There are 2 protein chains.
Amino acid sequence: MGRKRLQESADGRPTVHTVAARAGVSIASASRVLNGVGGSPETIRKVRAAAAEVGYVPNAIARSLQSQRTGLVALAVEDIGNPVYVAMMRAIEAVVASSGRQLVVHATGGRIDNEMTLLRRLANRYVDGMIISPIRVTDDHLGALAGSPVPVVVIGQLGADAPVDNVRTDSRRGVALAVDHLLATGRRRIGFVNGPLDTVPGAARDAGFRAALARHGIHLDEDLVEVGDFQYAAGRAAALRLLARASPDALVCANDLIAVGALHALLAAGRRVPEDVALVGMDDTELAQMMFPQLSSVSLGSAERGRRAAELLLQRIADPTLPPRREQVPPSLAVRASSGTTLPAARPSADPLDGPTAPTPTHPSSEGVTA
Amino acid sequence: MGRKRLQESADGRPTVHTVAARAGVSIASASRVLNGVGGSPETIRKVRAAAAEVGYVPNAIARSLQSQRTGLVALAVEDIGNPVYVAMMRAIEAVVASSGRQLVVHATGGRIDNEMTLLRRLANRYVDGMIISPIRVTDDHLGALAGSPVPVVVIGQLGADAPVDNVRTDSRRGVALAVDHLLATGRRRIGFVNGPLDTVPGAARDAGFRAALARHGIHLDEDLVEVGDFQYAAGRAAALRLLARASPDALVCANDLIAVGALHALLAAGRRVPEDVALVGMDDTELAQMMFPQLSSVSLGSAERGRRAAELLLQRIADPTLPPRREQVPPSLAVRASSGTTLPAARPSADPLDGPTAPTPTHPSSEGVTA
DNA sequence: TTGTAGGCGTTATCAC
DNA sequence: GTGATAACGCCTACAA
């Protein structure tokens, strides 16, 4: 049953009751003053004084129970070590914080069961909403997303008719940008180091690569294609395998982590970049510009996608009856030193090798593995 | 006053009342069964069935109000883009998750006011505890830390008598390891690229550098010392400034981000690494091994510090009366290609310069900017 | 303006 | 084992 109502909380800290008693008013009055609604000048003075004296701080949990909102927003991504997600996270954080909320970050490791667990946990209302960027999507996913009791926004490709707020890019076109650029600068044997084909981005990029070559009437030598996962080590290993059996004059990598791994493999193998092999990554993360030579990379607008996803989420939290929306962020290519040379005859004149040329990305930051 | 108690929550979702009514038992019985304590076989069956039928999921907030704990733990670091914090975060996450809790990550930007705000917000009980890794410490800080209403563990150097759980390393000794190594391999003009001197790690590393040289009786040419902040761009710029006015044969950098920036500057300036200039970073993050050449780096045990901090925090949450504890994680040096050559006459015989020599770090992963 | 009295959804205590 | 019922700390109709 519990003791009769005391004036302080279980752990001895002041509550509205403490303040009210000290100020000699009812808890209702105290609460009103504390929330800045109503109260006579005298009451306000007394309550404020009392609150200050006892060091009153409202209990967020009790407030949440009453208001039915926690002020927390969740973000679920595969790998917080991937700079592309750091960029996304920062953009989301900025929007979320401006609404007075906080971000809870989850790393799923790309595992569907982890994501399903998170989705299920949403039902207990520990957050007001969630942004999730799955790299694999199943029917279970779609079911859980559509039936979620709290607002969810998905960053990444989703079935065309999924009734879920969704922000995507077109990574197929992104790969095409890279291929077109390399062909335009004289490369002919373009290799591709991809992530797993059973992931949404992996499949899309594979399709994009093949379509781009086909569009140019170029036959694809399968020896020039390698698959690993979206990590540095896998990219390095995959590039080594590829180099062992083929002689590419350019490499497109499915994300920057892979590209950095490939760069390491190339340099360790004594290949010059870009003279011998040009290199283009994807996501245009901070990492790309840290390398030497700096990496050309396809921006998939990860920061922008994060920003928009956060905005969609906040809107839906404010009005859950909104119809599902879908937004698309176009890819763009940042050309840097790793591919900044035209093969046959280099023309360094009007085309400084350092710094982006082509459609300069709006943000100097990073981009996504998604889509 | 509000409507009489209904059977479902405000937003139409099932509550214990819904389940109880459906099962034809009291909410007390329903709650008991739901929590797996007590209940006759028949009652258990009915309640479980009812819960399943209506899709009951307990409300985390209500539960928190009752239990006085949120199941959330906060981590406040300067910059989530720094791989050292990613490593720390992962280690902390693992421990925290194993206790059934979740991690809320805050980026403070190293700004004291942000940290103070977080510390103050702790009073409203939105998390059960917090791990903070401040790079600047003020008296206000210490006051807030000591007087915190919820458990706090600090990663990083703190005044010797601060009554706060604390996990630290010895970055002074860490710098000494780097300097000793470089001197042992024949380097004589060792430069130092540091972070801000008004930060705890910045000050400690500066002192460590000077002390190490002094110990070897070497006069420090101030032209060989540069300061920026703990970021890539600053490191690159600082290294460029340093190169413009001095000719180091080795560079020690206060963290890996700076070291990567310095590497870029060196290579862009046409210096060979390690032949012309050896390079050693600090924190031993993933980044160090991604570079070409791979970077030697002083491990400050960031993952280990994170793990220990999390354990201390969980212990204190379980028993707030524990006396303040202090733990120390020793630094170690991982020697890699960027410093793996003895200058005057290479002697690969009994002292293999490639691959980690010194105390090999247990984890292949990353480490900290702190201390 | 002010105070009274629920109620947010849960758990726990206490009698039966 | 079970069922009322009182909290957890806060907010807010409603009545005064």
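Predicted, not measured: the structure shown is a model, and the values here were computed from it. Per chain, numbering begins at 1; letters A, B, ... match sequence-line order. Both backbone and side-chain heavy atoms feed into the values below; hydrogens, waters and symmetry mates do not.
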*Report yes or no: is there a donor-acceptor pair, N or O only, under 3.5 Å between the side chain of B:Gln66 and the base of C:dG9?*
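Answer no: no donor N or O sits under 3.5 Å from an acceptor.
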Is any side-chain nitrogen or oxygen of [X] closer than 4.0 Å to OP1 or OP2 of [N]?
{"X": "A:Ser67", "N": "D:dC10", "value": "no"}
{"X": "A:Tyr126", "N": "C:dG9", "value": "no"}
{"X": "B:Arg63", "N": "C:dT11", "value": "yes"}
{"X": "B:Gln68", "N": "D:dG9", "value": "yes"}
{"X": "A:Asn59", "N": "D:dC8", "value": "no"}

Would you compute the distance between atom [atom1] of [X] and atom [atom2] of [Y] and round it to the nearest 0.5 angstrom?
{"X": "A:Leu313", "Y": "A:Leu75", "atom1": "CG", "atom2": "CG", "value": "10.0 Å"}
{"X": "A:Ile80", "Y": "A:His106", "atom1": "CD1", "atom2": "NE2", "value": "11.5 Å"}
{"X": "A:Leu65", "Y": "B:Ser64", "atom1": "CG", "atom2": "OG", "value": "9.5 Å"}

_Pair B:Val150-B:Asp128, side-chain contact (heavy atoms from CB on, under 4.5 Å): steps then yes or no_ = CA-CA 6 Å; B:Val150 316; B:Asp128 296 339; over 6 Å; no
_With nearest nucleotide decided by heavy atoms, which residue, A:Gly39 or B:Arg13, maps closer to the 5′ end of DNA chain C?_
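The residue closer to the strand's 5' end, by nearest nucleotide, is A:Gly39.
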*Pair A:Arg90 + B:Asp79, salt bridge at N-O below 4.0 Å*: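 Here A:Arg90 pairs with B:Asp79 in a salt bridge, since their nearest N and O are under 4.0 Å apart.
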*Just checking B:Thr43: base, sugar-phosphate only, or nothing, at a heavy-atom cut-off of under 4.0 Å?*
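The answer is sugar-phosphate, as B:Thr43 gets under 4.0 Å only of primed atoms, P, OP1 or OP2.
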*Any donor-acceptor pair under 3.5 Å linking the side chain of B:Arg168 with the backbone of B:Leu158?*
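Yes; judged by distance alone, with no hydrogens or angles, the pair exists.
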_the helix from C:dT1-D:dA16 to C:dC16-D:dG1: angle between end helix axes, five pairs per end, rounded to 10 degrees_ =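 That helix gives 50° between its end axes.
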*Any side-chain donor-acceptor pair under 3.5 Å between B:Glu8 and B:His17?*
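There is no such pair between these side chains.
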*Can a donor-acceptor pair be found between the side chains of B:Thr321 and B:Asp319 at a distance below 3.5 Å?*
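Their side chains do contain a donor-acceptor pair, which is all the 3.5 Å distance test asks for.
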*Output the residues of residues 24-32 of chain A in contact with DNA chain D, where contact means a heavy atom of the residue under 4.0 Å from an atom of the strand; sort by number or write none.*
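Only A:Ile27, A:Ala28, A:Ser31, A:Arg32 qualify.
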*Measure from CG on B:Leu65 to P on D:dA6 and round the result to the nearest Å.*
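It is 17 Å, rounded to the nearest whole Å.
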*What's the shortest heavy-atom distance between B:Ala146 and B:Pro163, and which atoms?*
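Residues B:Ala146 and B:Pro163, closest heavy atoms: CB-CG, 4.0 Å.
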*Between C:dC8, D:dC11, D:dG1, which one does the side chain of A:Asn35 approach most closely?*
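Of all the options, the side chain of A:Asn35 is nearest to D:dC11.
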